[in-house]
Amino acid sequence: MRKLESNHPMTEPIERRALAGTRLDTSVLGVSLAFGPRPFPDEDRAARTALGKFFAEGFTTFDLTSAPSLARASRLLLSTVTERDDRVVFLVGVPGRASAAWTEAGARLPSRTSPTRRGEFPGPPMEILRALSARGSVVIDWDPDIGTPEDVDSTTRWLDELEAESLIVGRAHHIPPQRLPLIQSAPATLGPLISSELSLLDPLAVESLSTLFSHRPGSVLVHDPFAGGLLDGSRFSRGLGDRAQPAPPTDVRALRREYEPVLRLEPLTRNHRRTLAQAALYYLLRWKWTAAVMIPLAAANRREEFRTALFLDRECDSDLESLGLIPRSDASGPSSSLPSG
């Protein structure tokens, strides 16, 4: 990624990278439609406004995998992307990453003893899938390591059919971060594209991917880059509408355990050179194997801050190196704003 010397980041198009295993490319920053558990008055209107701003500025990858309601998220996206746009990518999950959304949308599990019928399959209802594929390209983001072998085989055959019909253009193998170190022994089982939850707080997971994907550009889609709100400050700023039910008082010792790893990252924000959220995005996007990082729709008012992370200089590498988050050899690499990774 080239470094801008004078232009304001908000005036520059967002970098795009090829999406491994597909004919697509993607904006390096995508938008996650992970809403609160239930809509409140005017919340959908605010979401449409936010999506419109993201889309107008070149955020063209939209992540529905954590949306509590697939139907609701789809309606909002279809009101934003009103005609076919070949830049647009929709990430859609399948059970068990998004089982609640799929159940609400009307899908039900097929019987194990009867043939799978398309309308009963545990996938996006066909009308939603067709509507999304008419406006952009659908990539299925799923975990084939969950479920019985029979369920996985059935899902795989169904996805093959959808791909043959051009209703989807590819699929990403979702691997939770705790399983990433285990795939070192069986990398051949992976497809060309994977997804995982990655952040500054889990450098071992990132190191695992760096070993496997160092020569595979655009191979990883990143969910939850701010570690559930710990790295962008949203953990404490969430409104009551984001809470499904009242929570008990938090134990101070538990808070200390949760935030101590964040406090150790203080050198990344010293002298106000950058925010922790910017450093978190830069850290993930500096690797060529990263295709896109999903940021929350609720952070629409921080778009400029996040886009600026794409243009941080090598001083950020030096700080990451001092914290042991990147190897020393990486920090002495090329002089572009994002090294080769």
Side-chain angles (χ1 to χ4, degrees), residues 28-37 50 63 65-68 97 174-181 195-210 220-287 290 292-310 312 316-317 319-326:
V28 296
L29 293 177
V31 182
S32 170
L33 280 81
F35 304 101
D63 176 16
T65 60
S66 298
R97 295 200 63 218
H174 180 74
I175 306 174
Q178 63 269 23
R179 291 212 320 257
L180 285 174
S195 71
S196 191
E197 292 76 23
L198 302 173
S199 78
L200 277 169
L201 297 181
D202 197 356
L204 290 180
V206 173
E207 182 179 339
S208 298
L209 290 175
S210 295
V220 181
L221 296 164
V222 179
H223 300 290
D224 195 21
F226 301 134
L230 287 172
L231 298 177
D232 66 348
S234 63
R235 178 69 65 90
F236 279 140
S237 64
R238 290 174 181 160
L240 293 177
D242 287 331
R243 301 175 185 172
Q245 57 187 2
T250 303
D251 182 83
V252 173
R253 288 172 295 183
L255 270 179
R256 183 179 293 115
R257 285 194 301 271
E258 186 174 33
Y259 278 90
E260 274 181 354
V262 180
L263 295 175
R264 287 198 290 269
L265 299 174
E266 186 273 337
L268 294 173
T269 63
R270 190 175 295 144
N271 300 325
H272 304 287
R273 291 171 295 187
R274 64 186 81 90
T275 67
L276 189 55
Q278 288 174 323
L281 292 176
Y282 176 88
Y283 172 67
L284 295 168
L285 287 168
R286 69 181 301 281
W287 314 102
T290 301
V293 177
M294 307 303 145
I295 61 176
L297 176 63
N301 63 339
R302 299 177 67 177
R303 299 185 316 282
E304 180 172 3
E305 174 191 348
F306 295 157
R307 289 191 59 166
T308 302
L310 306 180
L312 295 181
C316 191
D317 270 344
D319 291 335
L320 290 169
E321 178 195 340
S322 70
L323 291 170
L325 293 168
I326 61 173

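Under the side-chain contact (heavy atoms from CB on, under 4.5 Å) test applied with Leu198, the options Thr290, Leu221, Leu180 reduce to a single match, Leu180.
Atom CG of Leu200 sits about 12.5 Å away from atom CZ of Arg264, to the nearest 0.5 Å. To the nearest 0.5 Å, atom CZ of residue Arg302 and atom CD1 of residue Ile295 are 9.5 Å apart. Put simply, CG on Leu310 and CG on Leu285 are 6.0 Å apart, with the number rounded to the nearest 0.5 Å. Expressed to the nearest 0.5 Å, how far CD of Glu197 lies from CD of Gln178 amounts to 8.0 Å. The distance from the CG atom of Leu268 to the CZ atom of Arg273 is 8.5 Å, given to the nearest 0.5 Å. With rounding to the nearest 0.5 Å, the separation of CG in Leu325 from CG in Leu323 is 5.0 Å.
Using a 4.5 Å heavy-atom cutoff, the side chains of Arg274 and Asp319 are in contact. Within the 4.5 Å cutoff, the side chain of Thr308 has heavy atoms near those of the Gln278 side chain. Pro181 places none of its side-chain heavy atoms less than 4.5 Å from the side chain of Leu204. Between Leu312 and Leu281, every side-chain heavy-atom pair lies at or beyond the 4.5 Å cut-off. The shortest side-chain heavy-atom distance between Val293 and Tyr283 does not fall under the 4.5 Å cut-off. When side chains are defined from C-beta on, Phe226 does not count as touching Leu276, because their heavy atoms never get closer than 4.5 Å. Looking only at side-chain heavy atoms (C-beta outward), Thr275 and Thr269 stay at 4.5 Å or farther from each other. The shortest side-chain heavy-atom distance between His223 and Ser195 falls under the 4.5 Å cut-off.
Taking every heavy atom of both residues into account, Pro296 and Asp232 meet most closely at CG-OD2, 4.5 Å. In terms of heavy-atom proximity, Pro177 sits nearest to Asp202 at CB-OD2, 3.4 Å. Nearest heavy-atom pair, Ala227 versus Ser199, reported as atom, atom and distance to 0.1 Å: CB-OG, 3.8 Å. Taking each heavy atom of Leu33 and Pro68 in turn, the nearest pair found is O-CD, 4.3 Å. Looking at every heavy atom in both residues, Ser196 comes nearest to Pro176 through OG-C, 3.8 Å. Across all their heavy atoms, Tyr282 and Ala309 have their closest contact at CD1-O, 3.7 Å.
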Evaluate the criterion side chain to side chain contact (heavy atoms under 4.5 Å, CB included) for residue pair Met294 and Thr65; output intermediate values, then yes/no.
CA-CA 11 Å; Met294 307 303 145; Thr65 60; over 6 Å; no
Evaluate the side chain to side chain contact (heavy atoms under 4.5 Å, CB included) criterion for residues Val206 and Trp287: first the C-alpha distance (whole Å), next the side-chain angles of each, then the deciding distance (0.1 Å), finally the verdict.
CA-CA 9 Å; Val206 173; Trp287 314 102; 3.6 Å; yes
